[in-house]
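Both backbone and side-chain heavy atoms feed into the values below; hydrogens, waters and symmetry mates do not. All of these numbers come straight from a predicted model, not from anything done at the bench.
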Amino acid sequence: QVQLVESGGGVVQHGRSLRLSCAASGFTFSKYGVHWVRQGPGRGLEWVALVSSDGNSEYYADSVKGRFTITRDNFKSTVDLQMNSLRAEDTALYYCARELYGYAGSLDYWGQGTLVTVSS
Amino acid sequence: SSELTQDPAVSVALGQTVRITCQGDSLRRFYASWYQQKPGQAPVLVIYGQNNRPSGIPDRFSASNSGNTASLTITGAQSGDEADYYCESRDYSANFYVFGSGTKVTVL
């Protein structure tokens, strides 16, 4: 069955870096785009980033552009999110999600999330 | 514009019909996806494309689109449908994605 498992979250000081990872299984990973979506405490969903199936294209929300980098390894079936210059407003539960094949932006499988807390 | 606007909350009597709307310029160009999120759980895709349901989603969930507005309709709402619902679409420029602010559905 399709599984996405996030890891790497934790408490980090303002201005420091953190790297999240998403491990996928149960499907042909190299055929699917993967997104990161976050949800701040008591807040709604916020789209963060997308990496294309071949890893050649990346897209970012304006709020993270220039600070976050999304990459993937199709041999290991993983997607990473490198987060630099972290701010208090980056505190959130970070989900990775698979993009439904043929339907850009429709996210059909989600992980359970990894929590990032940025402290001052 | 990159915003998708949703009403914060709506209520529906058990077994009745409720419609949730999502407004934004990007919806003139792209269909919205709809997600259901219950407390403490990851979101679940309930509608994608013009009006498609993933496997396992009941047919009481349906979608429609007109101009800059996308709508999710729950026909015959059940207590288990009580959740937050989010629309999502590509930005008009197609360079990124955006979620609506979410609608809390209460089943009375």
- request: Measure the spacing between OG1 of A:T117 and CG of A:L93 and express it to the nearest 0.5 Å.
  value: 9.5 Å
Between B:S26 and B:D91, a side-chain donor and acceptor under 3.5 Å: no
message: Taking side chain as everything from C-beta outward and backbone as N, CA, C, O, which of these in A:L100 sits under 4.5 Å from a heavy atom of chain B? Side chain, backbone, both or neither.
response: side chain
Contact class of B:Q37 relative to chain A, heavy atoms under 4.5 angstrom: side chain
task: Classify the side-chain pair A:Q82/A:D80 by whether it contains a donor and acceptor separated by less than 3.5 Å.
output: no
query: Charged N to carboxylate O below 4.0 Å: is that the case for A:K65 and A:D62?
result: yes
field: Other residues, nucleotides, ligands: >12 heavy atoms within 6.0 Å of B:R60 CZ
entry: yes
- request: Pick one of side chain, backbone, both or neither for A:V48, based on which atoms fall under 4.5 Å of a heavy atom in chain B.
  value: neither
task: Can you see which heavy atom on A:V34 is nearest to which on A:I70, and at what distance?
output: O-CD1, 3.9 Å
- prompt: Is the A:W47 ring parallel, tilted or perpendicular to the A:H35 ring (thresholds 30°, 60°)?
  reply: perpendicular
Selection from A:Y59, A:Y95, A:Y109 maximising heavy-atom pairs under 4.5 Å formed with chain B: A:Y95
field: Check: B:Y35/B:E88 side-chain N/O donor and acceptor closer than 3.5 Å
entry: yes
query: For A:A49, is it the side chain, the backbone, both or neither that has a heavy atom under 4.5 Å from a heavy atom of chain B?
result: neither
- prompt: Within residues 47-57 of chain B, which positions have a heavy-atom distance to chain A below 4.5 Å?
  reply: B:Y48, B:G49, B:N52
message: Under a 4.5 Å cutoff for heavy-atom pairs, which residue among B:Y97, B:F96, B:F99 has the most contacts with chain A?
response: B:Y97
task: Please check if the distance between the ring centroids of B:F61 and B:W34 is under 6.0 Å.
output: no
query: So which part of A:L45 gets closer than 4.5 Å to some heavy atom of chain B, the side chain, the backbone, both or neither?
result: both
